Visitor: 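First, the structure itself, so that you have it in front of you.
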Amino acid sequence: MRSVNADTQRVPRLTGLAVPGGILAAVAGAFAYVGTVDPNQPGHYPVCPLYQITGLYCPGCGGLRSAHAFIHGDFLAALQDNAMAVVGYLGFAVLWTVWVVRAARGRPLRLALGPVHLWTLGTLLLVFTVVRNLPFGGWLHP
């Protein structure tokens, strides 16, 4: 015989999994679309406005091609198209997994990002963007 307390604790835990499940469904849907509609074919997606106006690559340039290659298992091409995007995909997977495990245990996800973390992330993106636009950074071009 189950106690009433054990049954009432299950409901919040299951509802706690609804948001991570919804996020996973949205990300899976987006990846499925990019995996189906090839960004290497012109006319499927808009051109990056920064690249179109200045000829410079932003940190997101090549992200759709990277996702397409990643979905199709061509990890080297995914890194070539946008290495930071691949790091983001893997980071999302780790963060999402931690979120689900914590939600299943009935504990909230706590992200304690301080100014140092945000400045570090911003600096990494800035360095990535600058290096990929310099002559010796051609290996980072999408």
Side-chain angles (χ1 to χ4, degrees), residues 1-54 56-134 136-142:
M1 182 166 160
R2 289 188 178 164
S3 71
V4 174
N5 192 21
D7 287 338
T8 58
Q9 286 180 352
R10 287 180 192 260
V11 173
R13 288 185 183 180
L14 290 177
T15 58
L17 293 173
V19 174
I23 297 292
L24 180 64
V27 170
F31 266 79
Y33 181 80
V34 172
T36 305
V37 180
D38 189 356
N40 295 304
Q41 302 299 321
H44 292 289
Y45 299 97
V47 177
C48 172
L50 180 70
Y51 181 75
Q52 188 174 22
I53 294 168
T54 65
L56 297 173
Y57 298 110
C58 76
C61 280
L64 289 173
R65 285 179 290 220
S66 175
H68 183 79
F70 194 85
I71 292 164
H72 290 277
D74 192 353
F75 303 118
L76 192 57
L79 283 168
Q80 169 79 39
D81 288 331
N82 192 322
M84 289 299 283
V86 174
V87 170
Y89 309 149
L90 298 176
F92 171 80
V94 169
L95 182 63
W96 185 85
T97 303
V98 169
W99 187 12
V100 167
V101 168
R102 291 187 64 84
R105 292 179 179 168
R107 299 192 324 229
L109 177 65
R110 291 191 178 100
L111 289 178
L113 294 177
V116 172
H117 299 105
L118 297 174
W119 278 102
T120 302
L121 180 61
T123 302
L124 285 171
L125 285 171
L126 181 64
V127 168
F128 173 71
T129 303
V130 169
V131 169
R132 78 187 317 204
N133 285 293
L134 293 173
F136 65 84
W139 56 281
L140 291 173
H141 289 179

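Predicted model only: the values in this text are computed from it and were never measured. Only heavy atoms go into these numbers, but all of them, side chains included; no hydrogens, no water, no symmetry mates.
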Visitor: Determine whether Trp96 and Pro20 make a side-chain contact, defined as any pair of heavy atoms from C-beta on separated by less than 4.5 Å.
Guide: yes

Visitor: Looking at every non-hydrogen atom in both residues, tell me the closest pair between Asn40 and Arg65 and how far apart they are.
Guide: OD1-CD, 3.0 Å

Visitor: Which residues satisfy the side-chain hydrogen bond (donor to acceptor under 3.5 Å, both in side chains) test with Asp74, sequence neighbours excluded?
Guide: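 Partners of Asp74 under the side-chain hydrogen bond (donor to acceptor under 3.5 Å, both in side chains) test: none.
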
Visitor: Can you confirm whether Leu111 sits close enough to Leu95 that some side-chain heavy atom of one is under 4.5 Å from a side-chain heavy atom of the other?
Guide: yes

Visitor: Tell me, yes or no, whether the heavy-atom count around Leu134 atom CG, taken from other residues, nucleotides or ligands under 6.0 Å, exceeds 12.
Guide: yes

Visitor: Could you pull out the closest heavy-atom pair between Leu17 and Ala103, with the gap in Å?
Guide: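 Minimum heavy-atom separation between Leu17 and Ala103: CD2-CB, 3.7 Å.
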
Visitor: Supply the atom-to-atom distance Phe92 CZ to Ile23 CD1, rounded to the nearest 0.5 angstrom.
Guide: 7.0 Å

Visitor: Considering residues at least two apart in sequence or located in another chain, which fulfil the ring pair (Phe, Tyr, Trp, His ring centres under 6.0 Å) criterion with Tyr89?
Guide: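 Ring pair (Phe, Tyr, Trp, His ring centres under 6.0 Å) list for Tyr89, sorted by chain: Phe31, Phe70.
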
Visitor: Looking at Asn82, Leu56, Val127, which one forms a side-chain contact (heavy atoms from CB on, under 4.5 Å) with Arg132?
Guide: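 Of the listed residues Asn82, Leu56, Val127, the side-chain contact (heavy atoms from CB on, under 4.5 Å) partner of Arg132 is Asn82.
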
Visitor: Nearest heavy-atom pair of Ala78 and Ser66: which atoms, and what distance?
Guide: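 Where Ala78 meets Ser66 most closely, the heavy atoms are O-OG, 3.0 Å.
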
Visitor: Taking all non-hydrogen atoms of both residues into account, name the closest pair between Val98 and Leu109 and its distance.
Guide: CG1-CD1, 4.1 Å

Visitor: How many angstroms lie between atom CE of Met84 and atom OG1 of Thr129, to the nearest 0.5 angstrom?
Guide: 8.0 Å

Visitor: Is any side-chain heavy atom of His68 closer than 4.5 Å to one of Pro39?
Guide: yes

Visitor: With a 4.5 Å cut-off on side-chain heavy atoms, are Leu140 and Tyr57 touching?
Guide: no

